[in-house]
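Keep in mind that the numbers below use all heavy atoms, side chains included, and drop hydrogens, waters and symmetry copies. No experiment lies behind these values; they were computed from the predicted model shown. Lettering follows sequence order; numbering is per chain, from 1.
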Amino acid sequence: MGIGQEIISDWFKSKKWQQFPFQKEMEAAFLDGYSGLLNAPTGSGKTFAMFLPFIADYINKHPEDYQTRKNNGLQLLWITPLRALTNDIRKAMQTVVDDLGLPWKVGTRTGDTSAKEKQELKKRQPEVLLTTPESLHLMLALKDYPKIFENLQAIVIDEWHELLGTKRGVQLELGLSRVKNLAPATSQAKQLQIWGISATIGNLDQAAEVLLGVDTKKVGIKLIRAKLNKKILIESVIPENIEKFSWAGHLGIKLLPQVMEIVANSKTTLIFTNTRSQTEIWYMTILEKYPEYAGIIAMHHGSLDNELRNWVENALHNELLKVVVCTSSLDLGVDFRPVDSVVQIGSPKGVARFMQRAGRSGHHPGATSKAWFVPTHSLELLEGAALKQAIIEEVFESRDPILLAMDVLMQYLVTLAVSDGFLPEPIFRELKTTYAYADLEQKDFNQILDFITKGGKTLSQYDEFLKVEIENGLYKVNSRKVAMRHRLSMGTIVGDVSMRVKFLTGGYLGSIEEGFISKLKIGDNFHFAGRSLELVKVKEMTAFVRKSTKKKGIIPSWMGGRMPLSSQLSAMLREKLDEVARGVEKDIEVQALQPLFQLQTKLSHIPRNTEFLIEKFTSRDGHHLFFYPFEGRLVHEGMASLFAYRISKIKKANFSLAMNDYGFELLTDDEVVLQQALDSDLFSIDNLLDDIQQSLNATEMARRRFRDIAHIAGLVFTGFPGKAMKSRHLQASTSLLFEVFSEYESDNVLVRQAYHEALQFQLEEYRLRAALQRLQTLKVVITESEQPTPFAFPILVDGLSREKLITETMEERVAKMSMRYEKLS
DNA sequence: GACCTGCTGCGGAATG
């Protein structure tokens, strides 16, 4: 990847790092023995080098802390979420270490490290080791692992914001809690120092607490904010003719000419899209309409072959490319010096994410980051105004830490049992010092111990679940097979089962979900990795293809996540809408949208911040009700089901639901008793949990979450590397386990966790609750129109696609809509 | 022809 070691070396020799405004503060805190969190802005990827002189300095000042020996052993452990970065950082760090005159070796340990290299690591630990959270745990599964860490002076966790709020973060918390107790305090009473580096997020104080654990009183926490005044220039791309611009949709391809103008006027542009299929579509369309870009355009997303991705990254770095279409696969880590423009297609869904992406341009000190926001439908343009405002006001999303993840804990305990074995009491005490397990109850801990030794209440008959044996109180794995399988399935990332896509001649293109391939017939044509391909045969989870000359072809879609609009951006959007309602027209986005707002006012209403808009409209499909909480898609999903349930309690009705980030629709055959529902506490939070359970298939949601939980907890074996099992197989086994536990062991920690996760992550119960409470304070405004309003239209389109009505209906409707629109405006 | 979606990230053995 893109960090040149020469650059780092020069940068270091010229002592540029001393010019960082936070350097003095950082150095003082480090030399005083503090642990803490450094809030470095995105784009100062070299902060790492700063730590090396600190450590060298510390050694000079406190030689008594370092025993005189030929091999100091591991001094600094550097943890990064991105494996791909470790190699370049290693080279760069080695040059810095050499420049400092330290007789140190810098090494890496990741999945890329060969067996031979691992053997060498065992013989001689490098003084600086770069690794990932997963590899740290693999180290904890080695015999005599405490020896590795006994001389450790400092741990640095890079990009901590990326891990916080994920199970990878929890796994890292666990790893740190163990390692902390292996590096004893030295003569200076100096403790192992732990420093995180994080981009700006809303809860930096909490981020520090999570990283350092709840036992940090002795150590002391410092939070250092870098406050580099990075200039960011943000512009929305305004459609030339807003009246002809789409009211719904997500592709945004209509604005291609404007985007290509930006590309032409920039040195190098990154075009960020929200989905992989969208990346494929934009790439193809650009090549089709602007063939002169052949050779200087590339694409990058998570399902493409690594070799291709590496090539793209290097080409970007070496200024060989003019434009790269990508997903968030290019969000992280890399210094792409030549990039001077960033284009975001569609909603970035959050302020912090947009900032991160904007920071990919002008990636050097003093340079300005330039980012464009390209709306994919009219109303989304308002998000551009909201984004700008949020960035001015420095409103950033928080990353909420995950608490009491029992699956991760179960995996961790088996890891410790695989290496030297563990005694439950001290480990329990150690767990209680972590943020994630501070509230861990003894009985749940015992249940997990019981499970890994005896298979719990239900699985005691099956050998494969009896992993850990107890010898004189020591919990230990003795079976080589169990140990091996455990090492094979460590980590918290549960991938989708996907098929490799390969040319008959051997070239590897990437991976596509099993489900997509199974829909294709042999001989069918599809587009992938920017190529037109023909499916030739499918063999053992590999789809063999050959080049095709056909222009047309389906583009694969992946079942990815569905990120909702963040609550911060949602709130700002409501703020902007309030301005619109008050007639404030200071933003160019708002000015451009005037025709749309005028129509909305004419047909319905634009809600103030103190109002909750509900629209009624009747079509041949039935009675439509549109609600506009502007709270993000997931909250709307839960709220739509909840409202449907509560309304049908008054008068029986079947509803079909549709939603987007701005609002949701309830559609039914009969007139809805709306007023009655409003009068009888439609927005109430009393019985909320019960009503949710009643209105949604909570069991099904939990079952789906359980699949990942079972994987992480080690209940299912996913097969040997390169020999993936079919997803049907895995689905069946996790589903069966879920059934068995639910029936015979209702208190099972993992099942409880599945329900909890469904509520928390799928439904965003906390946000739903807060949203209902907000609605209670608002004045309800109900309007009725003869046709869908501009606000309603995108939701209607969402509903149409969901119900899979035939295309003509949809087209007809769209055509009719625009005719009416022209008449009205 | 299309206003019909949905991210990222890491690991890994033994045998023939």
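- Nucleic acid contact for H377(A): none, since no nucleic acid atom lies under 4.0 Å from a heavy atom of the residue.
- Closest to the side chain of S329(A), from the set dC3(B), dG11(B), dG9(B), is dG9(B).
- Atom-to-atom, CD1 of I795(A) to P of dC3(B) comes out at 19 Å; the value is rounded to the nearest Å.
- Remark: S277(A) is in phosphate contact with dG6(B), judged by side-chain N or O atoms under 4.0 Å from OP1 or OP2.
- Between F272(A) atom CZ and dG6(B) atom C1' the separation is 17 Å, expressed in whole Å.
- Using a 4.0 Å cut-off, some side-chain N or O of H250(A) falls inside it from OP1 or OP2 of dC4(B).
- Taking only side-chain nitrogens and oxygens, T132(A) comes nearer than 4.0 Å to OP1 or OP2 of dG11(B).
- Using a 3.5 Å distance cut-off with no hydrogens or angles, the side chains of T376(A) and E380(A) do pair a donor with an acceptor.
- Spacing between atom CG of L304(A) and atom C1' of dC7(B) amounts to 13 Å, rounded to whole angstrom units.
- When the nucleotides dG12(B), dC3(B), dC10(B) are ranked by their closest atom to the side chain of I493(A), dC10(B) comes out on top.
- Residue M484(A) places its side chain closer to dA13(B) than to any other of dC10(B), dA13(B), dG11(B).
- Atom C1' of nucleotide dG6(B) and atom CH2 of W282(A) are separated by 17 Å, given to the nearest angstrom.
- The side chain of E134(A) sits closest to dG11(B) out of dG11(B), dG9(B), dC3(B).
- Comment: D708(A) does not engage K167(A) in a salt bridge, judged by the lack of any side-chain N to carboxylate O separation of less than 4.0 angstrom.
- Per the geometry, CD belonging to Q411(A) stands 12 Å off C1' belonging to dG12(B), to the nearest Å.
- Residue R83(A) places its side chain closer to dG11(B) than to any other of dG11(B), dC3(B), dG6(B).
- A residue-by-residue look at L138(A) and Q278(A) shows that Q278(A) has its nearest nucleotide of DNA chain B further toward the 5' end.
- Residue S135(A) is classed as a sugar-phosphate contact, given heavy-atom separations below 4.0 Å to backbone atoms only.
- Exactly one of V312(A), I271(A), T279(A) qualifies for a side chain to side chain contact (heavy atoms under 4.5 Å, CB included) with M299(A). That residue is T279(A).
- Contact annotation: R309(A) reaches the phosphate of dG9(B) (side-chain N/O to OP1 or OP2, under 4.0 Å).
- The residue K167(A) sits apart from the nucleic acid: no heavy atom pair falls under 4.0 Å.
- Residue T327(A) places no side-chain atom within donor-acceptor reach of the base of dC7(B), judged by atom type and a 3.5 Å distance cut-off alone.
- If you take CE of M659(A) and C1' of dG6(B), they are 14 Å apart, rounded to a whole angstrom.
- Taking atom CZ on R485(A) and atom P on dA14(B), their separation rounds to 13 Å, with Å as the unit.
- Among the atoms of the strands shown, only primed sugar atoms or phosphate atoms (P, OP1, OP2) are found under 4.0 Å from some heavy atom of H301(A).
- Residue contacts shown for R633(A) include a base, since a base heavy atom lies under 4.0 Å away.
- Phosphate proximity of dT8(B) to R276(A): present, with a side-chain N or O under 4.0 Å from OP1 or OP2.
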Pair up each side-chain donor or acceptor in residues 169-176 of chain A with any protein partner under 3.5 Å, not counting sequence neighbours, and list the distances.
residue	atom	partner	partner atom	Å
Q171(A)	NE2	Q411(A)	OE1	2.7
E173(A)	OE1	Y435(A)	N	3.3
E173(A)	OE1	A436(A)	N	2.9

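- The side chain to side chain donor-acceptor pair (under 3.5 Å) test applied to R485(A) returns no partner, not counting sequence neighbours.
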Q: Go through the steps to decide whether S303(A) and R276(A) satisfy the test side-chain hydrogen bond (donor to acceptor under 3.5 Å, both in side chains), and finish with yes or no.
A: CA-CA 8 Å; S303(A) 291; R276(A) 284 164 279 188; 3.0 Å; yes
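- Contact annotation: R480(A) reaches the phosphate of dA14(B) (side-chain N/O to OP1 or OP2, under 4.0 Å).
- At the phosphate of dG11(B), neither OP1 nor OP2 sits under 4.0 Å from any side-chain N or O atom of K118(A).
- Residue M563(A) is the one, among T131(A) and M563(A), whose nearest nucleotide of DNA chain B lies closer to the 5' end (criterion: closest heavy atom).
- Between R168(A) and dG9(B) there is no side-chain N or O to OP1 or OP2 distance below 4.0 Å.
- Atom P of nucleotide dA13(B) and atom CG of L142(A) are separated by 11 Å, given to the nearest angstrom.
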> So S619(A) and H624(A), side-chain hydrogen bond (donor to acceptor under 3.5 Å, both in side chains) or not? Walk me through it.
Replying inline: CA-CA 8 Å; S619(A) 74; H624(A) 305 254; 2.7 Å; yes
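- Among the atoms of the strands shown, none is found under 4.0 Å from any heavy atom of T166(A).
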